[in-house]
Amino acid sequence: MAAATIPKATLLAAAAGNSHSSLLLLPLRHNCNFSFPTRSLGLSSVLLLGFPRRIQGTCQAATLSKEEKVSLLDGVDKSHADIVSRVLEQARTAADRRKVFHTDFLAPPVLNDALSVIKRLANITAVVSGGHAQAERCRLSVGHVEDIGSKCKGAPKEGFPGAVAALSVSGNFAFDPAEHGDFLGAVLGTGLAREKVGDIIVLGEKGAQILVVPDLVDYLVTSLRQVRNVPVDCTTIPLSTLQYLPPRKEIFNTVEASLRVDALASAGFRLSRSKLVDLISSKDVKINWKEISKGGVTLKVGDVVSIRGKGRIEVGSIFTTRKGRFSIELIRYV
C-alpha cells in the first residue's frame with residue numbers, strides 16, 4: 001500500500017461502503033491534542049495504527065504543558081521529580097478517562113511530594129494504600145474525585161479496595177533466621193522490580209508477610225521457593241490478617257527558645273547540640289524523609305525528624321508560653 005511508504009504517519013481507514021471511506025493520513029506527533037470527529041464524519045468504524053496512548057481524546061503525553069509541569073513540580077525534591085511527574089500524568093489521564101489508576105509503591109518522601117502536587121489539581125484526588133495503617137511504602141490510587149469517592153465508600157483503613165495484595169512466606173527459620181533484607185532479596189531475585197513490592201513484615205522463625213502489587217501475586221506464588229537456604233511456601237492472605245505491630249512510642253514535652261530542628265531534635269533524641277550538628281553534617285538527619293544540611297530549619301506540627309540508627313520523632317503540638325518560649329509535645333517512635 002502506498003501509505004506504508006510514508007514515514008511516521010498514522011493511517012485511518014473508514015469502514016467499507018461508507019461515503020467517507022477515503023484514506024486519511026496524519027503525521028504522528030507525540031505531543032498533541034487530538035480528537036477525531038468520527039460522528040461528524042459519519043464513520044461507522046475507524047482503524048487506528050501507531051497513534052500513541054489513545055484513539056480519541058487527549059494524549060497522555062500532551063495532558064500537561066511544560067509550563068504547567070514546572071509550576072506544579074515547584075518544591076519537589078529533584079532526586080525524585082521524574083517519579084512525581086509520572087504520577088501527575090497518571091492522575092490527569094485517570095481523571096480524563098474517568099478511571100482510577102494505581103501508582104507503583106512509593107517511598108515516604110516521594111509519596112509526600114506526590115500528594116502535595118495532586119492537591120494542586122482541580123477535581124483530582126488520591127487515596128494512599130499500603131496494606132495497613134502503619135505502612136511506609138504505599139501506592140497512590142488517583143482519579144477524578146467522583147470516581148474515587150464512589151469506589152471508596154466504606155473503604156478499609158488499608159486504603160483503596162484492591163490496590164494492594166498480601167502474601168505469606170512461611171518456612172522453618174528457627175535454625176537459619178532471615179531478616180528484612182533476606183526476604184526482599186529473595187523477592188527481587190525472582191525478577192520483580194523494587195517498586196512492585198511494599199512493606200515486608202518479618203515474623204521471626206515463622207517467615208514473613210509481604211505486600212505486593214495484586215497483578216504479580218500469582219507469579220510470586222509460583223516463583224518464590226527459597227529464602228536464604230530455607231524452602232518456603234508462598235500463599236495469598238487477606239490484608240486483615242497482617243500481623244504488623246503498632247510502633248512503640250514515647251510522648252513527652254519540652255520547652256525551647258526556638259522551633260529550630262537542632263533544638264527540637266536535640267531534646268527529642270537526648271543528644272548534645274554538637275553531636276546533632278555532626279549528624280546533620282554527615283547527612284544522617286532528615287525532615288519528612290528529606291536530608292537536611294543545616295540545623296536552622298524551623299519545624300511545625302506534624303513534621304517528622306529521623307536520624308539514621310536512632311529512630312524518629314514527630315512534632316505533636318506547639319504552644320507559646322507567657323515568657324515567649326515554645327512548649328512542644330514530641331512523639332518519639334522507638
Contacts table for residues 316-330: side-chain donor-acceptor under 3.5 angstrom, sequence neighbours left out:
| from | atom 1 | to | atom 2 | distance (Å) |
| --- | --- | --- | --- | --- |
| Thr321 | OG1 | Lys323 | N | 3.4 |
| Thr321 | OG1 | Arg325 | N | 3.0 |
| Thr321 | OG1 | Arg325 | O | 3.3 |

Legend entry - Tyr333 reachable from Val315 in the ILVMFWY side-chain graph, under 4.5 Å edges: no
Inset, instruction - Report the distance from atom CD1 of Ile287 to atom NZ of Lys300, rounding to the nearest 0.5 Å. - result: 8.5 Å
Inset, instruction - Please examine the side chains of Val87 and Val117, heavy atoms only from C-beta on, and report whether any two atoms are closer than 4.5 Å. - result: no
Legend entry - cation_pi(Arg139, Phe101) dist<6.0 Å, angle<=45: no
Inset, instruction - Using the rule that two of Ile, Leu, Val, Met, Phe, Trp, Tyr join whenever any of their side-chain heavy atoms come within less than 4.5 Å, decide whether Phe252 and Leu276 are in one cluster. - result: yes
Legend entry - ring-ring contact (aromatic ring centres under 6.0 Å, His included) involving His102 - partner list, sequence neighbours excluded: Phe160
Inset, instruction - Please check if Leu188 and Leu224 belong to a single hydrophobic cluster, counting links between Ile, Leu, Val, Met, Phe, Trp and Tyr side chain heavy atoms closer than 4.5 Å. - result: yes
Inset, instruction - Quick one: closest heavy-atom pair of Val84 and Ala114, and the distance? - result: CG1-CA, 4.0 Å
Inset, instruction - Using modelled atom types only, decide if a donor and an acceptor are shared between the side chain of Ser281 and the backbone of Val277 within a distance under 3.5 Å. - result: yes
Legend entry - Minimum heavy-atom distance Leu264-Glu256, with the two atoms named: CD1-CG, 4.3 Å
Legend entry - Side chain Thr93, main chain Gln90, donor-acceptor under 3.5 Å: no
Legend entry - Asp199 side chain to Glu136 backbone, donor-acceptor under 3.5 Å: yes
Legend entry - Minimum heavy-atom distance between Gly162 and Pro214, given as atom pair plus value: O-CG, 3.3 Å
Inset, instruction - Please test Ile331 against Glu250 for side-chain contact (heavy atoms from CB on, under 4.5 Å), starting from the C-alpha separation and ending with a verdict. - result: CA-CA 6 Å; Ile331 305 168; Glu250 174 189 359; over 6 Å; no
Legend entry - Distance, nearest 0.5 Å, that separates NZ of Lys310 from CZ of Phe269: 9.0 Å
Inset, instruction - Determine whether Glu146 and Arg98 make a side-chain contact, defined as any pair of heavy atoms from C-beta on separated by less than 4.5 Å. - result: yes
Legend entry - Heavy-atom side-chain proximity of Lys294 to Ile280 below 4.5 angstrom: no
Inset, instruction - Can you establish whether the number of heavy atoms outside Asp218 located under 6.0 Å from its atom CG is more than 12? - result: no
Legend entry - Hydrophobic cluster membership, Leu121 vs Val128, 4.5 Å side-chain cutoff: yes
Inset, instruction - Would you sort out whether Val100 and Lys151 count as a side-chain contact (heavy atoms from CB on, under 4.5 Å), showing the intermediate values? - result: CA-CA 9 Å; Val100 176; Lys151 295 178 181 179; 4.1 Å; yes
Legend entry - From Asn288 atom CG to Glu314 atom CD, the distance as rounded to the nearest 0.5 Å: 9.0 Å
Legend entry - Minimum side-chain heavy-atom gap Lys196-Val212 below 4.5 Å: no
Inset, instruction - Not counting sequence neighbours, list each pair that qualifies as a ring-ring contact (aromatic ring centres under 6.0 Å, His included) and has a residue in residues 175-221. - result: Phe173-Phe183
Inset, instruction - Identify the two heavy atoms, one from Val227 and one from Ala186, that lie closest to each other, and give their separation to 0.1 Å. - result: CG2-CB, 3.8 Å
Legend entry - Closest non-hydrogen atom pair between Ala178 and Asp182, with its separation: CA-OD2, 3.4 Å
Inset, instruction - Show your working on side-chain contact (heavy atoms from CB on, under 4.5 Å) between Leu271 and Ile307 and close with a plain yes or no. - result: CA-CA 11 Å; Leu271 298 171; Ile307 298 181; 4.1 Å; yes
Legend entry - Val305 side chain reached by Val261 side chain, heavy atoms, under 4.5 Å: yes
Inset, instruction - Using atom types as modelled and distance alone, determine if a side-chain donor or acceptor of Ser116 lies under 3.5 Å from a backbone N or O of Asp113. - result: yes
Legend entry - Test log, rule salt bridge (Lys or Arg N to Asp or Glu O under 4.0 Å), inputs Asp77 and Lys290: CA-CA 8 Å; Asp77 193 305; Lys290 295 181 181 179; 5.4 Å; no
Legend entry - Crowding at CD, Gln134 (>12 non-hydrogen neighbours, <6.0 Å): yes
Legend entry - Pairwise side-chain contact, Gln226 with Asn229, heavy-atom cut-off 4.5 Å (strictly under): yes
Inset, instruction - Could you tell me whether the side chain of Val197 reaches within less than 4.5 Å of the side chain of Ile210, counting heavy atoms only? - result: yes
Inset, instruction - Rounded to the nearest 0.5 Å, what's the gap from CG on Asp303 to OG1 on Thr298? Could you check? - result: 10.0 Å
Inset, instruction - Would you sort out whether Val221 and Thr235 count as a side-chain contact (heavy atoms from CB on, under 4.5 Å), showing the intermediate values? - result: CA-CA 6 Å; Val221 167; Thr235 57; 5.9 Å; no
Inset, instruction - Working to the nearest 0.5 Å, report the span between OG of Ser272 and CG of Asp278. - result: 8.0 Å
Inset, instruction - Please check if Trp289 and Leu111 belong to a single hydrophobic cluster, counting links between Ile, Leu, Val, Met, Phe, Trp and Tyr side chain heavy atoms closer than 4.5 Å. - result: no
Legend entry - Over all atoms of both residues, closest heavy-atom pair of Gly131 and Leu211: CA-CD1, 4.1 Å
Legend entry - Spatial distance of atom CD (Gln209) from atom OG (Ser170) [nearest 0.5 Å]: 10.5 Å
Inset, instruction - Would you indicate whether the side-chain heavy atoms of Leu106 and Ile83 approach each other to under 4.5 Å? - result: yes
